[in-house]
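See below for the structure under consideration.
Throughout, residue positions are numbered sequentially from 1 according to the sequence presented. Note: hydrogens, waters and symmetry copies are ignored here, and every other heavy atom, side chains too, is used. Indexing begins at 1, ligand by ligand and atom by atom, following the structure's order.
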Amino acid sequence: MRIEAVKGDITRESVDAIVNAANSSLLGGGGVDGAIHRAAGPELRDACRALGGCATGDAKATPGFRLPARWVIHTVGPVWRGGHDGEPELLASCYRRSLEVADEIGARSLAFPAISTGVYGYPRNEAAAIAVRNLRSASTGVDVVRLIAFDDETAARYETLLS
Ligand code: AR6
């Protein structure tokens, strides 16, 4: 699997599936979740409602509706509470479960946002390391993963980890 770091807006990614950093209701929110719902259109909220929520560390797929991506894989990252509340394991699980769901729906190209590093407060450098480590060690049919950084600091961190 090839892993690329890209700076940009995940809603514009033409991959098979983009990953959403959602909350456990799956009914939308701010940040990347809000951007994905706005770009996909109101059908996404209806599709999410039918999923009945999602546990932290788990992932579930819907169609992408008006997005360039065919699918959205919604995952729920942990809220940062200092790092001793299972946050690293839960964040790792988000990356691994998203790849498993990608395999189930036959997605071969994926784009991830920096899960939990916005309002959920996960330290960006540690989150980037968990992302790269868990993607590298996964056994999956996914060919290419794009790590989408929304800020320069995250982009630089991904570049360092991948070089
Ligand atoms: N494309 C790529 N990355 C983005 C975009 C975008 N369009 N917009 C923001 N980011 P956050 P979380 C980055 O807060 O921390 C929502 O309300 C952002 O800079 O979106 O997992 C949900 O409903 C940051 O690096 O997600 C939940 O309630 C990263 O995406 C809660 O926020 C994640 O920031 C989830 O919090």
Side-chain angles (χ1 to χ4, degrees), residues 3-42 44-62 64-83 85-99 101 109-132 134-135 144-162:
I3 307 176
E4 306 168 346
V6 191
K7 198 177 163 214
D9 176 355
I10 202 168
T11 65
R12 308 180 77 114
E13 287 291 312
S14 295
V15 285
D16 292 341
I18 63 170
V19 176
N20 182 16
N23 61 66
S24 56
S25 78
L26 297 185
L27 295 180
V32 71
D33 193 6
I36 288 172
H37 275 266
R38 278 193 299 280
L44 182 61
R45 195 182 152 91
D46 296 336
C48 284
R49 191 178 292 112
L51 294 174
C54 183
T56 303
D58 198 4
K60 296 183 178 182
T62 64
F65 299 102
R66 298 177 207 177
L67 288 164
R70 181 164 173 210
W71 301 97
V72 179
I73 297 172
H74 307 265
T75 190
V76 183
V79 177
W80 179 256
R81 294 194 173 90
D85 206 19
E87 296 96 324
E89 295 76 17
L90 288 165
L91 186 61
S93 176
C94 289
Y95 286 92
R96 289 198 306 267
R97 281 290 301 136
S98 295
L99 288 174
V101 171
S109 55
L110 275 190
F112 280 91
I115 301 162
S116 283
T117 66
V119 296
Y120 280 4
Y122 210 109
R124 278 185 272 193
N125 286 352
E126 291 170 40
I130 287 172
V132 169
N134 282 276
L135 292 169
V144 54
V145 165
R146 290 165 69 81
L147 291 170
I148 312 298
F150 208 53
D151 58 275
D152 291 326
E153 188 191 330
T154 301
R157 190 67 195 157
Y158 284 148
E159 297 287 357
T160 303
L161 288 164
L162 292 172

Donor-acceptor pair, side chain of [X] and main chain of [Y], under 3.5 angstrom:
{"X": "R70", "Y": "G64", "value": "no"}
{"X": "T117", "Y": "Y122", "value": "no"}
{"X": "S24", "Y": "G53", "value": "no"}
{"X": "S98", "Y": "C94", "value": "yes"}
{"X": "N134", "Y": "I130", "value": "yes"}

Option of least heavy-atom distance to [atom] (set: [options]):
{"atom": "atom 36 (O) of ligand 1", "options": "L27, V119, L147", "value": "V119"}
{"atom": "atom 23 (O) of ligand 1", "options": "V76, D33, L91, I148", "value": "D33"}
{"atom": "atom 1 (N) of ligand 1", "options": "I18, I10, I36", "value": "I10"}

Report task. Considering only non-hydrogen protein atoms, determine which one is nearest to atom 13 (C) of ligand 1 and report residue, atom name and distance to 0.1 Å. Result ->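 Here the closest protein heavy atom is F150 CB, 3.8 Å.
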Query raised in the report: atom 26 (O) of ligand 1: which protein heavy atom is closest, and how many Å away?
Result: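 Checked against all protein heavy atoms, atom 26 (O) of ligand 1 sits closest to A21 CB, 3.9 Å.
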Please list, in number order, the atoms of ligand 1 under 4.0 Å from a heavy atom of [X].
{"X": "D9", "answer": "1 (N), 6 (C), 7 (N)"}
{"X": "A114", "answer": "25 (O), 29 (C), 33 (C)"}
{"X": "T117", "answer": "15 (O), 24 (C), 25 (O), 29 (C)"}
{"X": "G30", "answer": "16 (C), 17 (O)"}
{"X": "G8", "answer": "1 (N), 2 (C)"}
{"X": "G29", "answer": "17 (O), 23 (O)"}

Query raised in the report: With respect to L110, which candidate in V101, V144, I73 satisfies the side chain to side chain contact (heavy atoms under 4.5 Å, CB included) definition?
Result: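 Result: among V101, V144, I73, I73 is the only option passing the side chain to side chain contact (heavy atoms under 4.5 Å, CB included) with L110.
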Query raised in the report: Does atom CZ of R49 have more than 12 heavy-atom neighbours, drawn from other residues, nucleotides or ligands, at distances under 6.0 Å?
Result: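 Counting neighbours around CZ of R49, more than 12 heavy atoms of other residues, nucleotides or ligands fall under 6.0 Å, so yes.
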Requested in this report: Supply the atom-to-atom distance R96 CZ to L99 CG, rounded to the nearest 0.5 angstrom.
Outcome: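 Answer rounded to 0.5 Å: 9.5 Å.
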Considering both backbone and side-chain atoms of [X], is one of its nitrogen or oxygen atoms within less than 3.5 Å of a nitrogen or oxygen in ligand 1?
{"X": "I115", "result": "no"}
{"X": "N23", "result": "yes"}
{"X": "G118", "result": "yes"}

Query raised in the report: Would K7 and T154 satisfy side-chain contact (heavy atoms from CB on, under 4.5 Å), going step by step from the backbone distance to the final call?
Result: CA-CA 9 Å; K7 198 177 163 214; T154 301; over 6 Å; no
